[in-house]
Undergrad: 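Below are the C-alpha cells for one structure; questions will follow.
Note that these values count all heavy atoms, side chains included, but never hydrogens, waters or copies made by symmetry.
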Amino acid sequence: MRHAHSNFDLSIEETRGLSEQGWKDAKRVTDVLLEEGIEVVASSSYVRAIQTVQETADNLGVEVIVDPRLRERATLPLAHAVFHVKTSRA
C-alpha cells in the first residue's frame, strides 16, 4: 500500500511526515490491517511511510522492517535529476 497523506515538499522528500489527515488515515489503515492476520510489517525508509504503519506494528508487537528498496522513486531534486535515454535502430 502507499503511505497516508503528507503535505508535498520536495526539499524534505525523505523526512516529511504525515499531515493531520494522514494521521487519521494511518489509524484507519491500522484498523483494516489488524483484521488481516498480518505478522510482518515492512516499509520504505520514508518517514511518512514508516509513520503510516507504525501503529500497526506496535499493536502486533513487531518492529517495522525498514527497507530502502521499497522506495517509490529516487529522492534527487528534479532540477538535478539526469535522465539518459538509450535509443537504437533495429
Side-chain angles (χ1 to χ4, degrees):
M1 75 174 177
R2 190 163 159 74
H3 61 78
H5 185 266
S6 66
N7 295 316
F8 183 78
D9 184 343
L10 192 58
S11 69
I12 55 172
E13 180 67 8
E14 290 188 50
T15 59
R16 69 181 146 106
L18 296 178
S19 65
E20 184 176 333
Q21 181 61 48
W23 285 108
K24 292 175 186 174
D25 294 342
K27 172 65 175 135
R28 290 174 40 205
V29 165
T30 297
D31 293 343
V32 170
L33 292 179
L34 290 176
E35 297 292 321
E36 296 299 319
I38 292 172
E39 297 177 6
V40 176
V41 179
S43 174
S44 75
S45 56
Y46 292 129
V47 169
R48 62 191 176 275
I50 296 167
Q51 289 174 331
T52 300
V53 297
Q54 186 64 60
E55 185 176 347
T56 301
D58 291 348
N59 276 278
L60 294 172
V62 300
E63 296 289 321
V64 175
I65 299 168
V66 177
D67 188 334
R69 295 175 297 176
L70 297 174
R71 293 166 34 159
E72 66 221 40
R73 64 182 174 269
T75 58
L76 291 174
L78 294 178
H80 295 102
V82 177
F83 298 94
H84 296 278
V85 178
K86 181 179 181 180
T87 60
S88 63
R89 295 183 184 222

Undergrad: State plainly whether the residues Asp31 and Arg28 are in salt-bridge range, i.e. N to O under 4.0 Å.
TA: no
Undergrad: About how many Å separate OG of Ser45 and CG of Leu70, when rounded to the nearest 0.5 Å?
TA: 8.5 Å
Undergrad: For a quick test of reading the model, state the closest non-hydrogen atom pair linking Gln51 to Ala26 and the distance between them.
TA: O-CB, 4.3 Å
Undergrad: Got a second to check how far Ser44's OG is from Arg69's CZ, nearest 0.5 Å?
TA: 12.5 Å
Undergrad: Test of understanding: clusters of I, L, V, M, F, W, Y form through side-chain heavy atoms closer than 4.5 Å, transitively. Do Leu33 and Val62 belong to the same one?
TA: yes
Undergrad: If every non-hydrogen atom of Leu18 is compared with every non-hydrogen atom of Arg48, which pair is closest and at what distance?
TA: CD2-O, 3.5 Å
Undergrad: What's the spacing between Thr52 OG1 and Lys27 NZ if we round to 0.5 Å?
TA: 14.0 Å
Undergrad: Is the closest side-chain heavy-atom distance between Val41 and Ile65 below 4.5 Å?
TA: no
Undergrad: Report yes if some heavy atom in the side chain of Arg16 is under 4.5 Å from a heavy atom in the side chain of Tyr46; otherwise report no.
TA: no
Undergrad: If every non-hydrogen atom of Ser43 is compared with every non-hydrogen atom of Ile50, which pair is closest and at what distance?
TA: OG-N, 3.3 Å
Undergrad: Identify whether Trp23 and Val32 are in the same connected component of the hydrophobic contact network (ILVMFWY, side-chain heavy atoms under 4.5 Å).
TA: no
Undergrad: How many angstroms lie between atom CG of Leu60 and atom CD of Glu55, to the nearest 0.5 angstrom?
TA: 10.5 Å
Undergrad: Taking C-beta and beyond as the side chain, do Asp58 and Thr30 meet within less than 4.5 Å on heavy atoms?
TA: no
